[in-house]
Protein chains: 2
Amino acid sequence: MPTTPGGDQPYLKHLNRARVLHLLRTHPGLSRAELAAHSGLTKVTVGSLVTTLLDGGWLSEGHARPGATGRPGRELHLGETQHVLLGAEIGVLGARAVATTLRGTVLARAETRTPTTTPHAAAHTVTRLCGQLLQDPATQGRELLGLGVALPGPVSPDGTRVLYAPNLGWDDVPFLDLLRAAPDLPATLPAGAITLDNEANAAAFGESFLRPGEPPQLLAYVSLGSGVGAGFTALSGTPHVLRGARGLAGEIGHAIIQPGGLYCHCGNRGCVETLLGGWAIRAALNLNVLDPLDEALAPRLREAAVQVTLGRAGEALGQLLVNLHQTLGPDEIVIGGALTRLDGAVLGPALDVYHARQWRPAAPPARVTVRTDSLYLPALGAAAQLLARVIDTPQEPA
Amino acid sequence: MPTTPGGDQPYLKHLNRARVLHLLRTHPGLSRAELAAHSGLTKVTVGSLVTTLLDGGWLSEGHARPGATGRPGRELHLGETQHVLLGAEIGVLGARAVATTLRGTVLARAETRTPTTTPHAAAHTVTRLCGQLLQDPATQGRELLGLGVALPGPVSPDGTRVLYAPNLGWDDVPFLDLLRAAPDLPATLPAGAITLDNEANAAAFGESFLRPGEPPQLLAYVSLGSGVGAGFTALSGTPHVLRGARGLAGEIGHAIIQPGGLYCHCGNRGCVETLLGGWAIRAALNLNVLDPLDEALAPRLREAAVQVTLGRAGEALGQLLVNLHQTLGPDEIVIGGALTRLDGAVLGPALDVYHARQWRPAAPPARVTVRTDSLYLPALGAAAQLLARVIDTPQEPA
DNA sequence: CTCTTTAGTTAGTTGATTTAACGAAATGCA
DNA sequence: TGCATTTCGTTAAATCAACTAACTAAAGAG
């Protein structure tokens with residue numbers, strides 16, 4: 001018994017309004033006439049929608065753009081001045097938040113480096129960071145549209161519960177309710193305008209959604225932190241996160257990469273994380289230097305151990321990329337997370353494995369991007385998820 | 001520059017028509033009032049749509065269903081008598097075709113066991129089988145809605161080209177054009193009403209689409225034939241095949257399952273198919289009995305070799321299932337293909353590996369179904385894909 | 001300075017859905 | 001048997017967002 005939204009004329013208008021907004025998001029600067037051509041709507045309809053959106057501050061009108069013959073069109077862009085979106089990420093060692101415009105421009109950042117403890121404390125951390133951002137001069141006088149939150153664990157498909165977050169020690173937490181009830185929750189936050197998602201999903205969505213131009217058909221974001229996770233977005237009109245049946249898609253850290261391999265803390269053997277997880281790498285390095293044989297030899301031994309461990313991690317990542325490629329057929333792979341700072345040592349071997357593979361001409365490899373500056377990516381992506389929800393949710397937003 | 005369909009009232013009407021059809025597909029026997037409640041439309045709108053659909057033979061009206069107080073509603077079902085859909089599958093060793101109703105009821109089957117050779121010959125085989133089906137008494141007097149075709153290789157996302165099909169020796173074949181130009185193409189086939197897809201995608205879609213009741217959120221179909229492939233469907237309103245960027249999703253036969261493992265004919269090492277592919281199993285069994293040491297010992301040796309080979313294949317399948325689970329988080333896995341006839345020997349170990357894994361309470365295993373009767377599944381699924389297209393394509397179908 | 005071309009707006013029409021009211025078909029109780 | 005009740009489905013009028021057609025506006029070309 002699906003409860004799909006009603007198919008009446010207001011719904012149709014909403015669809016068209018969303019189409020105009022998405023078009024201007026991916027193709028900034030289009031004129032009304034160009035919007036009409038791209039959307040299949042008529043100039044009249046587009047003109048009417050644009051007028052409404054200009055009034056609401058959702059769009060801004062640039063100056064004419066002469067050059068060709070005929071009356072020049074006037075450039076339209078998403079509005080940059082009247083709204084603000086918040087995005088936050090709860091990490092193991094701290095939390096981050098950003099305030100952005102409709103175009104994804106970052107207005108302000110905030111960070112705390114206190115390790116995350118209980119869900120209650122984490123919720124309060126988020127609201128405090130949000131409060132800081134809303135006091136920043138750059139966000140003053142703007143209408144707050146909502147808050148997107150990302151965290152290191154899978155979330156139920158309805159976006160209300162954290163199913164588990166091993167690195168935080170959480171298990172089945174109704175985090176959305178905790179956020180709503182948290183102290184210092186901004187009073188201007190519209191009711192219900194909070195999204196919750198896995199940090200890898202949020203980052204993947206941000207990468208697909210915020211970049212101008214044609215979005216990737218299928219983007220895989222691989223998050224290399226203490227654990228290993230992934231987020232996938234597929235393009236069906238606009239980018240959408242692939243969640244799987246219960247929000248568990250992308251839990252690739254415990255895919256089997258080496259049958260009969262090392263034991264993993266999940267109770268199985270040969271998981272991706274046993275070679276590639278931050279915790280496993282740290283453990284391996286500590287183990288390798290436990291018994292210092294010789295003061296002079298130790299640094300060189302340590303150096304060798306590091307190379308071996310990171311090389312193995314790289315090969316594991318390469319195998320993971322190949323398998324993601326074979327399973328999902330992405331056209332773009334983005335690698336982010338703290339481990340990307342070990343750049344060459346891990347990513348070099350990984351890309352070697354990935355690109356050494358034989359690809360058929362009809363099945364070329366995906367474009368692989370490494371984001372060494374991925375610190376705010378999940379928070380930014382969470383804000384983008386909220387923006388998408390605001391655009392796609394049928395309702396007259398003021 | 002996306003060329004999305006226009007957002008006018010006819011489009012809205014189409015959406016609502018499709019919603020009614022899909023509702024009656026998943027929930028046969030609903031009344032107009034119940035349809036209104038489930039769809040969010042009003043009784044008036046539903047009544048108007050239903051009248052049109054009844055006139056066109058898309059729906060049939062059953063008798064009233066008394067029992068409760070008040071005027072009883074009249075049961076509605078998808079029409080079974082006025083339309084026919086064709087589905088065909090091109091396999092390595094032969095081809096199969098089915099004729100079905102709107103509900104997926106099989107009206108007639110046809111098969112040929114001549115091994116597939118060239119694309120031209122295969123196209124003609126399909127049209128010949130279709131001709132046979134259309135001469136069957138069960139399909140007489142019905143309007144032909146279209147033809148869905150499935151084959152063992154990935155297809156370009158626009159459904160026109162076969163990117164490659166190693167088991168057929170095909171490479172980048174514009175098969176849709178060949179079909180359109182094939183001799184004996186049924187004259188009553190509407191222009192453009194042909195779909196083309198990978199057999200695993202088709203089978204996955206059929207499993208998700210034709211079963212009454214709520215469809216699975218994410219279904220993975222694993223096809224165990226000469227090669228190993230997979231098809232995925234995700235529920236977004238109705239089931240949709242996940243194709244990846246270029247139609248390459250599901251090419252799991254060459255995912256790496258054992259780093260440094262056996263060499264694969266794809267040029268890489270440790271692919272799934274080196275242990276689980278039909279060709280690899282056959283090769284392993286032949287190799288193992290190449291040198292008959294002793295007439296008396298040979299049968300027992302052979303038996304042992306079979307057990308070892310199939311056991312390894314089963315473990316490989318188990319690992320594959322685990323990795324699909326971790327990557328996509330399906331709620332349902334269906335296993336089909338010729339190898340399912342080796343039931344216990346392969347599937348036993350596979351399910352052992354899958355279920356021996358530690359699952360978190362919030363992340364239970366998927367329901368696993370083995371289809372030993374999967375011979376006509378891809379053909380049936382291809383017909384279902386065509387049906388979905390007929391329902392979802394905006395146009396007034398006669 | 002007029003002509004041509006393209007951009008955007010105004011006026012009136014179309015069409016699908018809506019609300020409101022009505023007729024139809026069953027059960028249930030006097 | 002008869003009448004009230006309940007729910008189903010239809011008819012009639014209203015709404016609303018798109019459309020077509022025709023206009024004005026703003027640039028470049030000759």
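Labels below follow one simple rule: chain letters A, B, ... track the order of the sequence lines, proteins then strands, and each chain is numbered from 1. Heavy atoms only: backbone and side chains are in, while hydrogens, waters and symmetry mates are out.
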Applying side chain to side chain contact (heavy atoms under 4.5 Å, CB included) to A/Thr195 and not counting sequence neighbours gives A/Gln385, A/Leu386, A/Arg389
d(CG, A/Leu30; P, C/dG8) in whole Å = 11 Å
Does A/Thr45 put a side-chain nitrogen or oxygen below 4.0 Å from OP1 or OP2 of D/dC19?
-> yes
Distance in angstrom units between A/Leu54 CG and C/dG8 P, rounded = 11 Å
Over how many whole Å does the gap from A/Leu49 atom CG to D/dA18 atom C1' extend?
-> 10 Å
List for me each residue that meets side-chain hydrogen bond (donor to acceptor under 3.5 Å, both in side chains) alongside B/Ser48, sequence neighbours excluded, and say none if there are none.
-> none
With a 4.5 Å heavy-atom cut-off, do A/Gln82 and A/Leu102 have their side chains touching?
-> no
Mind checking what makes side-chain hydrogen bond (donor to acceptor under 3.5 Å, both in side chains) contact with B/Glu332, not counting sequence neighbours?
-> B/Arg211, B/Arg367
Tell me: CG of A/Leu76 to P of C/dG8, nearest whole Å?
-> 7 Å
Could you list the donor-acceptor pairs under 3.5 angstrom formed between side-chain atoms of residues 70-79 of chain B and any protein atom two or more places apart in sequence or on another chain?
unit_1, atom_1, unit_2, atom_2, d
B/Glu75, OE1, B/His77, NE2, 3.4

Any residue meeting side chain to side chain contact (heavy atoms under 4.5 Å, CB included) with B/Thr105, in chain and number order, not counting sequence neighbours | B/Glu80, B/Thr101, B/Arg103
Starting at NE2 of A/His14 and ending at C1' of C/dT17, how long is that distance when rounded to a whole Å?
-> 17 Å
Looking at residues at least two apart in the chain, or sitting in another chain, which of them share a side chain to side chain contact (heavy atoms under 4.5 Å, CB included) with B/Leu210?
-> B/Leu380, B/Ala384
Would you mind reading off the distance between B/Arg19 atom CZ and C/dA16 atom P, rounded to a whole angstrom?
-> 16 Å
For atom CD of A/Gln9 and atom C1' of C/dT19, their distance in whole Å | 13 Å
Distance in angstrom units between B/Asp8 CG and C/dT14 P, rounded | 16 Å
Ignoring backbone atoms, test whether B/Asn16 places a side-chain nitrogen or oxygen under 4.0 Å from the OP1 or OP2 oxygen of C/dT17.
-> yes
For nucleotides 1-4 of chain D, tabulate all protein N/O to nucleotide N/O atom pairs closer than 3.5 Å, reporting atom names and distance.
none

Among side-chain atoms of A/His22 and A/Arg25, is any donor-acceptor pair under 3.5 angstrom?
-> yes
Assign a letter to each nucleotide of nucleotides 5-13 of chain D from its 5' end: B, base within under 4.0 Å of a protein heavy atom; S, sugar-phosphate only; -, no contact.
-> -BBBBBB--
Applying side chain to side chain contact (heavy atoms under 4.5 Å, CB included) to B/Thr42 and not counting sequence neighbours gives B/Val44, B/Thr45
